[in-house]
Every structure is written in structure tokens, then in C-alpha cells.
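Structure, as C-alpha cells:
Naming convention: chains lettered A, B, ... in sequence-line order (proteins, then strands); numbering from 1 in each chain. Basis for what follows: all heavy atoms, side chains included, without hydrogens, waters or symmetry-related copies.
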Protein chains: 2
Amino acid sequence: MNYDEAKNKFISTWGSLGTLWGINKAMAQIHALLLISPEPLSMEDIMEQLQISRGNTSMNLRQLMDWGIVFKENKMGERKEYFTSEKDVQELARQIAKERSRRELQPTIKILKDVSNIDEDGTAKTKELIKQTKALHEMADTLDILMNRVIGQDHNWITKALVKLIK
Amino acid sequence: MNYDEAKNKFISTWGSLGTLWGINKAMAQIHALLLISPEPLSMEDIMEQLQISRGNTSMNLRQLMDWGIVFKENKMGERKEYFTSEKDVQELARQIAKERSRRELQPTIKILKDVSNIDEDGTAKTKELIKQTKALHEMADTLDILMNRVIGQDHNWITKALVKLIK
DNA sequence: TTAAACTTTCAAAAAATATTGAAAGATTAA
DNA sequence: TTAATCTTTCAATATTTTTTGAAAGTTTAA
């Protein structure tokens, strides 16, 4: 496998993985491209390399910046904007975990809490609803605490977490 | 909030969450319905409660069974098939983690390994590609080991894992 | 000012994904 | 065997999501 093949394979794999994380293909591919690019890229560069439109590029770059994993960079004497990705993969993972907790986990926990707090009326169906949503609530809560602890850890958290769990 | 409101809220929340996990809305809703139903449900029951077609119900039930989180059940003297969900939420989480590792994580790890093994040719772009895909490979590998350890643990793994990490 | 260089917005079009429903396929009972 | 009951399949349709591209917006230089 040569450089171009490897690059394309990586970008397209990352692109299809994205879909499974609630991130669309173009967004994930832009991210992949920036991640392996030694230099910041301009919008034109990205459009050309991925063969996508200006509008698409603009919107997805914005989203990546909202996620906190892509940054604008200005080159001296140039009007054009350049973009880079967070290059430290552990920092990347932490940022993603943080955003997912905020966007998905926490809202879900709130709803589970509300639903599990309805009045017990003695029927089997109500009992079951309360029981199951309580169990889910408890698990989601634990997971969120766990994720946030992990986010607060230092740089090599993932290896450290692994060591702890194996012991 | 009364029973019906709570039930609908839970089913629709679970349904939209599903999308973010690579599971479609109908599939996630069927699962939610079965999870809070004290009795096994027939295909007719599910179609009626969720207002979806027979074909849709049939296909999504099959997928849920492929994921190992919904089971067929036969009532004595009845021809019709009934369905139940895995009711233990921790077992549910373990099953989902196991399947996601198998379907997504492991194939990705393989590709990252291939891509990071291309020949070093001294250029900056090749260096960066190798460096970043190696880092991702290492992280994905650690995560997979971590997930599989967790899967192998007993019933109350999540709380235990949390305790370990907090210490 | 104005013009040039660049970015964002958003309605329309395209592409991808999910859903339907009727026909074909199974399974069981008689 | 046939008929009844139930499930699966899949081409057609509907819905949702993504992408485009041109117009509007912004910023800077002169």
C-alpha cells in the first residue's frame, strides 16, 4: 500500500465510522484529512482533496469547531483562513467524550429521571416501566460519572484506566 | 405525568437515541416497548402500539435478535410468536458492547494497523499519516481490550469499574 | 468610499435510508 | 392433501439527511 492508497483508505474508513457516532460523512472525512495533514489546510484545499462543495465544507468545518476538535488558524499576511485538527488523539477522545456526555447522555438522564418518577398505581405495566427506567437511569448516571472522571484525568488516562481495571 | 405519557416519552426518547448508535428509530422503539412490557408481545401488538407496518416490524425484530437483545418466545397452544427483550440492563449493555466491538471496533483496528504499516519514505506527509494512525490504532486497541474485560466481568461490573477508577 | 478576496447562508436538488404492503414462503391442523 | 394462520421478502414509495451552488454577507486594503 502506498501513501495515496493509505490516505484514502484512512479517510474513507473514518468517514463511514463517523456515521455511527452521529457525525456525517463529510464532517468525519474533513476531520480525518486535517488529522493527518502536517500543515493547516484552507477551505479550497479541503474542497479539492475531498471533492465537496464550498457550502458543505464551510458548514462542516463550523460543526467540527463546535465540537472543539478543529481550529481556525491565520497565516501572517494572508486573508484566507486555515484549519487544523486537534492532533493529540487522547485529547481528541476526551473532547468527544465530553461533548457526547453534554449532548446526549445528560439530556437522556434527565428524561429517564422524569419518567421513572411517575406515580406507582399498582398495575404491572406501571411497575415494570418504573423498574426498567430506574435501572437505566442508574446505569446512565454511573456511566456519566465514569466518563467525566476519565475526562478530568491527565494525558495518559486510557492506559491508566486500563491498568486499574485489570488489577 | 401519567403512565401513557411516560411510556410514550420513554419510547420516543429511546427511539431518537437509537439513531446515534447506528440503530434505526423503529428498531430502537420496538426494543423500548419490549423492555417495559411485563408480558411478551406479538407482532400484531407491536404493529398496533407503534403504528408501523408488518414488514418493518418483522425486519427490525430480526435485527434485534441478531444483536442478541430480543428473544422469540412461544406460548403453549399458540401458533403466533411472541417477543421479549433482555430485561437486565447490565446484561443489555454488555451485549451491546460486545456486538459493537465485533462490528465496528475490530474492523477499524485492522484497517488502522494496515494503514499505519505503510513504508516510511521520509516525507512529512507520510510521517504524519503513520504517526497519527499508529496513535489511533493503539488507542482503539486499548479501548477494545478494556471493553472486552468489562464484558467478561460479572453482573455488577459497571459499579465495580467505577469504584476502581475512583480509587 | 469601492473593490477584491474570502466565508456563510439557505432553498432547491440529490442521495441515502427507512417504510410500506402485497405476494411468496412457512408451518400447523385437520 | 388443503386451508388457515402466521412470517418473511422485496420492489416501490416515502421520508430524512446531505449536498450543492449562487446570492448575500463580511472583512480588509487602498
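Contact check on Arg102(B) versus Glu99(B) returns a salt bridge, with a Lys/Arg side-chain nitrogen under 4.0 Å from an Asp/Glu carboxylate oxygen.
Residues Phe71(A) and Tyr82(A) are members of separate hydrophobic clusters, defined by side-chain heavy-atom contacts under 4.5 angstrom among Ile, Leu, Val, Met, Phe, Trp and Tyr.
For Met43(A) and dT26(D), the CE to C1' distance is 13 Å, given to the nearest whole Å. Atom pair Leu61(B):CG and dC6(D):P shows a separation of 16 Å (rounding to whole Å applied). As rounded to whole Å, 10 Å separates atom C1' of dT7(D) from atom CE of Met65(B). Computed from coordinates, the Glu44(A) CD to dG21(D) P distance equals 14 Å when rounded to whole Å. Taking atom OH of Tyr82(B) as the reference point, atom P of dC6(D) lies 8 Å away to the nearest angstrom. Rounded to whole angstrom, the span from the CE atom of Met47(B) across to the P atom of dA22(C) amounts to 12 Å. Between Glu81(A) atom CD and dT26(D) atom C1' the separation is 10 Å, expressed in whole Å. dT8(C) atom C1' lies 14 Å from atom CG of Asp66(A), rounded to whole Å.
The side chain of Ser53(A) sits closest to dT20(D) out of dT7(D), dT20(D), dG21(C). Closest approach to the Ala26(A) side chain among dT19(D), dT8(C), dT8(D) is made by dT19(D) (side chain taken as heavy atoms from C-beta onward). Here dT7(D) is the nucleotide among dT7(C), dC10(C), dT7(D) with the atom lying nearest to any side-chain atom of Lys80(B). If you check dT20(C), dT19(D), dT8(D) against the side chain of Asn60(A), the one that comes closest is dT19(D). Taking the side chain of Met59(B) as heavy atoms from C-beta on, and the options dT8(D), dC10(D), dT8(C), the nearest nucleotide is dC10(D).
Between Arg54(A) and Gln51(B), the residue anchored nearer the 5' end of DNA chain C, judged by the nucleotide with its closest heavy atom, is Arg54(A). In this structure, Phe83(A) and Lys25(A) both approach DNA chain C, and ranking their closest nucleotides by distance from the 5' end singles out Phe83(A). Each of Asn24(A) and Gly55(A) was matched to the nucleotide of DNA chain D holding its nearest heavy atom; the match closer to the 5' end belongs to Asn24(A).
Remark: Glu138(B) CD is loosely packed, at most 12 non-hydrogen atoms of other residues, nucleotides or ligands lying under 6.0 Å away. The number of heavy-atom neighbours closer than 6.0 Å to NZ of Lys113(A), taken from other residues, nucleotides and ligands shown, is 12 or below. Within a 6.0 Å radius of NZ in Lys87(A), other residues, nucleotides and ligands contribute more than 12 heavy atoms.
At the heavy-atom level, Asn56(A) lies under 4.0 Å from base atoms of the strands shown. Arg62(B) comes within 4.0 angstrom of the backbone, heavy atoms only, and of no base.
Residue-to-nucleotide contacts include no donor-acceptor pair under 3.5 Å from the side chain of Arg79(A) to the base of dA29(D).
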